[in-house]
S.K.: 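Okay, handing you the structure first.
Each chain gets a letter, A, B and so on, in the order the sequences are listed, and its residues count up from 1.
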Amino acid sequence: MEGLNMMSIEEQVKIIGKGADEIINIDDLKRKLERSQKTGIPLLIKLGLDPTAPDIHLGHTVVLRKIRQFQDMGHRAVIIIGDFTGMIGDPTGRSKTRKQLSRQEVIENARTYENQIFKVLDKEKTEVRFNSEWLSKLNLEDVIRLASKCTVARILEREDFQKRFNNHESIGIHELFYPLMQAYDSFVVKADVELGGTDQRFNILMGRSLQKDFGQESQVAIFMPILEGTDGIEKMSKSLGNYIGVDEEPNDIYGKTMSIPDKLITRYFELVTDIHPDELDEIKKSLNTGNVNPRDVKMRLARELTALYHGHEAAVVAENHFKKVFQKHELPEELEEYEVQQSIIDSDGIDMVKLLVSVGFCPSNSEARRLIFQGAVKVNGNKIETLKIDNLCNGDIIQAGKLKFVKVKIKS
RNA sequence: GGAGGGAUACCCAAGUGGCCAAAGGGGGCAGACUGUAAAUCUGUUGUCGCUGACUUCGAUGGUUCGAAUCCAUCUCCCUCCA
């Protein structure tokens with residue numbers, strides 16, 4: 001709790017402000033930091049997680065890293081797993097009413113979350129709580145009192161509700177309560193700061209006003225940008241399949257990072273790595289002047305990210321794998337073995353269509369046929385042009401496309 | 001409770017009796033190219049015993065030589081009025 005906390009307030013604010021989209025309000029933040037420094041009482045940084053998506057990906061780490069910075073300055077974090085609100089579903093950004101989760105699903109998801117957030121956060125300085133702890137105890141009277149703190153007009157200011165309302169789409173009454181409940185969480189834990197993506201703007205600001213209404217000091221709201229996914233367009237999310245999960249294999253983290261569009265390189269450096277701001281500036285400069293190959297910068301990004309979740313050694317291994325397989329189009333170090341079944345061998349030879357399907361390279365025979373016609377299938381590096389081949393030997397290597405390889409094993 | 005609108009492939013979305021396995025876009029996959037699994041270009045994208053056959057347009061039944069398209073019933077979603 002010492003160390004960084006002795007930095008000047010200006011310096012602290014600078015670090016916290018790095019990458020942040022907006023801080024409301026900066027003077028409040030300074031005041032809180034000053035008081036904390038004086039009294040030695042750490043600030044409480046709140047983050048709410050919605051237990052719908054059970055895997056943490058880089059998009060989540062934008063906010064988690066920011067919290068980590070607070071922790072490194074000696075502050076404490078409280079992670080609120082929205083197990084109760086999760087049963088409602090955060091309407092934020094949704095054009096449709098979310099599916100309500102069952103109690104069981106919520107609990108399972110929350111557990112996965114807990115395991116993953118500590119890849120970024122300092123476990124010693126983090127408390128995890130479930131909001132059903134207090135929300136499930138509210139009675140109707142409490143709920144009505146809570147609801148009276150907010151007006152319909154206020155709620156409908158929200159862009160997503162407004163849009164749905166104007167488009168004549170349904171809005172469940174329970175959804176209107178979501179911001180209030182999230183705000184109530186802040187009140188219960190007495191949050192000093194709440195972190196969130198810019199899409200959480202309304203919910204988090206509701207916390208500020210509710211705390212004030214209940215006679216508590218308002219939390220500071222810090223909004224982090226929403227990270228684009230590997231497609232470079234949509235926000236990173238599991239359901240869109242454009243995510244890089246913190247739990248993924250080194251090769252996948254490395255490879256997926258290499259597949260982001262070039263224009264996202266600096267953004268990723270800024271938001272999801274621990275790179276120093278000065279270095280970030282240098283990278284930006286070198287990319288702008290064009291005297292660096294963006295590929296090399298991206299490779300560095302991929303290395304950093306892989307190292308962050310698997311260590312430097314694993315990152316180097318992943319990089320070598322990438323160079324070998326994708327740059328030089330060589331075979332990977334380790335190949336899965338596949339035992340060829342007798343059923344696909346007949347007097348004419350070996351049925352490649354069936355083989356490709358049974359190896360799991362494609363879901364249907366038609367798909368396999370297509371791959372062969374498109375010239376994507378190779379045996380020992382030689383393109384296959386017919387649906388059947390004469391022979392296969394032990395150790396032959398079958399390749400479909402650029403990513404799928406398998407080594408043949410013949411049962412004698 | 002009354003009136004109306006809708007449901008098409010992974011997603012969005014055209015199609016209102018045969019030329020529809022179904023336009024277009026997105027996404028996916030593959031190929032070319034490349035300084036990268038970036039960008040760009042091209043092809044492909046229901047299934048199968050694949051120059052043919054089978055199944056598919058919310059569900060079921062019907063009209064018809066023939067239906068995603070017409071009719072009936074049903075299910076689900078949305079809107080307006082109350």
S.K.: OP1 or OP2 of B:C48 sitting under 4.0 Å from any side-chain N/O of A:Ser366?
M.R.: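 Looking at the OP1 and OP2 atoms of B:C48, one of them is under 4.0 Å from a side-chain N or O of A:Ser366.
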S.K.: Roughly, in whole Å, what's the span from CG in A:Leu356 to C1' in B:A30?
M.R.: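 So the CG-C1' distance, A:Leu356 to B:A30, works out to 13 Å.
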S.K.: What interatomic distance, in whole Å, is found between C1' of B:G28 and the corresponding atom of B:A37?
M.R.: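 The answer is 14 Å between these two C1' atoms.
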S.K.: Once you round it to whole Å, what is the distance between C1' of B:A39 and CE of A:Met258?
M.R.: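 A:Met258 atom CE is separated from B:A39 atom C1' by 13 Å.
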S.K.: Around atom NZ of A:Lys119, are there more than 12 heavy atoms of other residues, nucleotides or ligands at under 6.0 Å?
M.R.: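 Yes - once you tally the heavy atoms of other residues, nucleotides and ligands closer than 6.0 Å, there are more than 12.
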S.K.: From C-beta outward on A:Pro261, which listed nucleotide comes closest to its side chain: B:A38, B:U34, B:C50?
M.R.: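 Nearest to the side-chain atoms of A:Pro261, counting from C-beta on, is B:A38.
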S.K.: Do the numbers put A:Lys378 on top of the ring of A:Phe405, so that NZ or CZ is under 6.0 Å from the six-membered ring centre and no more than 45° off the axis?
M.R.: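 Not satisfied by the 6.0 Å and 45° rule.
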S.K.: I need the minimum non-hydrogen distance between A:Asn394 and A:Ile410, along with the two atoms involved.
M.R.: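 So the minimum-distance heavy-atom pair works out to OD1-N, 3.0 Å.
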S.K.: Can you tell me how far C1' in B:G4 sits from the matching atom in B:A9, rounded to whole Å?
M.R.: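 Each nucleotide's C1' atom is 29 Å from the other's.
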S.K.: How close or far is atom P of B:A37 from atom OH of A:Tyr243, stated in whole angstroms?
M.R.: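 It is 22 Å, rounded to the nearest whole Å.
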S.K.: Quantified in whole Å, what is the C1' atom distance between nucleotide B:C19 and nucleotide B:A13?
M.R.: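 These two C1' atoms come out 22 Å apart once rounded.
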S.K.: Within residues 371-384 of chain A, find the residues that approach RNA chain B with a heavy atom at under 4.0 Å, and present them sorted by residue number.
M.R.: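 Within residues 371-384 of chain A, the residues near RNA chain B are A:Leu371, A:Gln374, A:Gly375, A:Ala376.
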S.K.: Under 4.0 Å between a side-chain N/O of A:Arg369 and OP1 or OP2 of B:G49, yes or no?
M.R.: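 Answer is yes, contact under 4.0 Å.
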S.K.: Using 30° and 60° as the class boundaries, would you call the ring planes of A:His60 and A:Tyr113 parallel, tilted or perpendicular?
M.R.: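 Perpendicular, since the angle between the ring planes exceeds 60°.
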S.K.: What does A:Gly401 touch in the nucleic acid at a heavy-atom separation under 4.0 angstrom: a base, only the sugar-phosphate, or nothing?
M.R.: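 Sugar-phosphate only.
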S.K.: Rounded to the nearest angstrom, tell me the gap between atom CG in A:Leu387 and atom P in B:C48.
M.R.: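 Checked: the CG to P distance equals 13 Å.
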S.K.: Could you tell me which nucleotide pairs with B:C41 by Watson-Crick or G-U wobble geometry, both distances under 3.5 Å, or answer none if nothing does?
M.R.: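 Matched B:C41 with B:G31 under the 3.5 Å cut-off.
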S.K.: Across all strands, who's sitting opposite B:C10 as a Watson-Crick or G-U wobble pair, both distances under 3.5 Å?
M.R.: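 The base-pairing partner of B:C10, which may sit in any strand shown, is B:G26.
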S.K.: Mind listing the closest non-hydrogen atom pair of A:Ala318 and A:Tyr254 along with its distance?
M.R.: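 Taking every non-hydrogen atom into account, CB-CB, 3.8 Å.
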S.K.: Should A:Lys285 and A:Glu282 count as an ion pair when the cut-off is N to O under 4.0 Å?
M.R.: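 Looking at A:Glu282 together with A:Lys285, the answer is no, because their closest N to O distance does not fall below 4.0 Å.
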S.K.: Any side-chain N or O of A:Asn365 under 4.0 Å from OP1/OP2 of B:G49?
M.R.: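 A:Asn365 to B:G49 OP1/OP2: side-chain N or O found under 4.0 Å.
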S.K.: Quickly work out the A:Asp262 CG to B:A37 C1' distance and round it to whole Å.
M.R.: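 Those two atoms, CG and C1', are 11 Å apart.
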S.K.: Just the rounded figure in Å: distance from P of B:A38 to NZ of A:Lys298.
M.R.: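 The answer, rounded to whole Å, is 7 Å.
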S.K.: Applying salt bridge (Lys or Arg N to Asp or Glu O under 4.0 Å) between A:Glu319 and each of A:Arg303, A:Arg300, A:Lys298, report the one that passes.
M.R.: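 Answer to the salt bridge (Lys or Arg N to Asp or Glu O under 4.0 Å) test with A:Glu319 among A:Arg303, A:Arg300, A:Lys298: A:Arg303.
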S.K.: Measure from NZ on A:Lys328 to P on B:A37 and round the result to the nearest Å.
M.R.: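 After rounding, the reported distance stands at 14 Å.
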S.K.: Could you tell me the Watson-Crick or G-U partner of B:C20, where both distances fall under 3.5 Å? Say none if there is no partner.
M.R.: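 Looking at the geometry, B:C20 pairs with no nucleotide.
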S.K.: Can you measure A:Leu301 atom CG to B:A37 atom C1' for me and round it to whole angstrom units?
M.R.: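 Distance check: A:Leu301 CG to B:A37 C1' gives 14 Å.
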S.K.: Hey, is the side chain of A:Ser364 poking within less than 4.0 Å of OP1 or OP2 on B:C48, counting only N and O atoms?
M.R.: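 It does, given that an N or O in the side chain of A:Ser364 lies less than 4.0 Å from OP1 or OP2 of B:C48.
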S.K.: By the 4.0 Å heavy-atom rule, please label A:Ile265 as base, sugar-phosphate, or nothing.
M.R.: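 Nothing, no nucleic acid heavy atom in range.
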S.K.: If you measure from the P atom in B:G26 to the same atom in B:U75, how many Å do you get, rounded?
M.R.: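 Rounded to whole Å, the distance is 39 Å.
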S.K.: For every nucleotide of nucleotides 23-28 of chain B, 5' to 3': is a protein heavy atom under 4.0 Å from its base (B), only from its sugar-phosphate (S), or from neither (-)?
M.R.: ------
S.K.: Looking at the side chain of A:Lys402, which of B:G31, B:C29, B:U34 is the nearest nucleotide?
M.R.: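 Of the options given, the side chain of A:Lys402 lies nearest B:G31.
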